[in-house]
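The figures that follow rest on heavy atoms only: side chains count, while hydrogens, waters and symmetry mates do not.
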Amino acid sequence: MTSINNINQFIDATMPEDTDNKFLTFFCDDQLFGVSIAHVVQIVGMQEITPIPESLDYAKGIINLRDSIIPVIDTRLRLKRPKTQYNERTCIIISTIGDLDMGFIVDGVDEVINSGKDLIIPPTKSTVDIINQYITGIVTLHSKVILIMDIQKLFAPSEIERIRQ
């Protein structure tokens with residue numbers, strides 16, 4: 001597992017044209033996911049979250065990050081996984097969805113991987129499996145199975161608007 005500071009330094013040093021095949025991997029309920037580093041702004045440790053009354057069950061509230069108010073969601077709850085206690089490995093991935101910066105609470109970050117498009121296998125199609133809307137591929141790397149997630153498709157536009165409010 002790579003430290004948050006090392007990953008943030010890597011993300012800062014990566015030019016936008018170098019991000020096509022680079023993915024930040026993170027854990028959610030013992031499953032390894034990857035998101036394009038093009039959508040990752042930074043990773044921060046857990047901090048105080050101010051809850052917002054009557055919000056979506058997975059919308060944990062807001063944080064103040066360098067004088068910016070960032071809505072934060074619990075990725076476990078969004079993916080319909082069991083709730084768990086946050087610990088020293090739990091962190092928040094700050095990402096941009098459309099024009100909104102949002103924080104995603106994850107169980108822990110793993111590393112940044114470089115995966116050529118030829119190594120990404122399309123997910124199986126199932127008419128009953130909603131997950132295929134935001135899972136765009138599967139990569140096996142160093143005996144790890146990683147589900148590649150398009151974080152831009154994790155929410156319907158109506159959910160984004162509700163989180164924004």
**Asked** Above 12 or not: heavy atoms from other molecules or residues under 6.0 Å from CG of D30?
**Response** no
All side-chain hydrogen bond (donor to acceptor under 3.5 Å, both in side chains) counterparts of [X], not counting sequence neighbours:
X: K144; value: D110, E111
X: Q152; value: H39
X: T96; value: D101

**Message:** Whether the side chain of D29 engages the backbone of Q31 through a donor-acceptor N/O pair (distance < 3.5 Å, no angle test) should be reported.
**Reply:** no
**Prompt:** Hey, does the side chain of R78 reach the backbone of L154 with a donor-acceptor pair shorter than 3.5 angstrom?
**Reply:** yes
Given side chains that start at C-beta, do those of [X] and [Y] come closer than 4.5 Å, heavy atoms only?
X: I43; Y: I92; answer: no
X: S95; Y: V35; answer: no
X: V40; Y: I93; answer: yes
X: L24; Y: F33; answer: no
X: I70; Y: I94; answer: yes
X: V109; Y: C91; answer: yes

**D107/R76 ion pair, N-O < 4.0 Å** = yes
**Request:** Start with the C-alpha gap between I146 and I113, add the side-chain angles, then the distance that decides, and say whether side-chain contact (heavy atoms from CB on, under 4.5 Å) holds.
**Result:** CA-CA 10 Å; I146 303 164; I113 62 166; 3.7 Å; yes
**Message:** Once rounded to the nearest 0.5 Å, what's the spacing between atom CG of L32 and atom OG1 of T25?
**Reply:** 5.0 Å
**Prompt:** Would F23 and I120 count as a side-chain contact (heavy atoms from CB on, under 4.5 Å) if you check the C-alpha gap in whole Å, the side-chain angles of each, and the deciding distance to 0.1 Å?
**Reply:** CA-CA 12 Å; F23 300 91; I120 300 174; 3.9 Å; yes
For the student: nearest non-hydrogen atoms of [X] and [Y], plus distance:
X: Y134; Y: L79; result: OH-CD2, 3.1 Å
X: I151; Y: F104; result: CD1-CE1, 3.6 Å
X: A59; Y: I73; result: CA-CG2, 4.1 Å
X: I138; Y: P123; result: CD1-CA, 4.2 Å

**Asked** Of all residues at least two apart in sequence or in a different chain, which pass the side-chain contact (heavy atoms from CB on, under 4.5 Å) check with L77?
**Response** Y58, K60, D74, K83
**Request:** With sequence neighbours excluded, tell me which residues meet side-chain contact (heavy atoms from CB on, under 4.5 Å) with L119.
**Result:** S115
**Asked** Does I121 share a hydrophobic cluster with I135, counting links as ILVMFWY side-chain heavy atoms below 4.5 Å and allowing steps through other members?
**Response** no
Show which side-chain atoms of residues 61-68 pair as donor or acceptor with protein atoms under 3.5 Å away, not counting sequence neighbours.
from	atom 1	to	atom 2	distance (Å)
N64	OD1	D67	N	3.0
R66	NH2	Q42	OE1	2.3

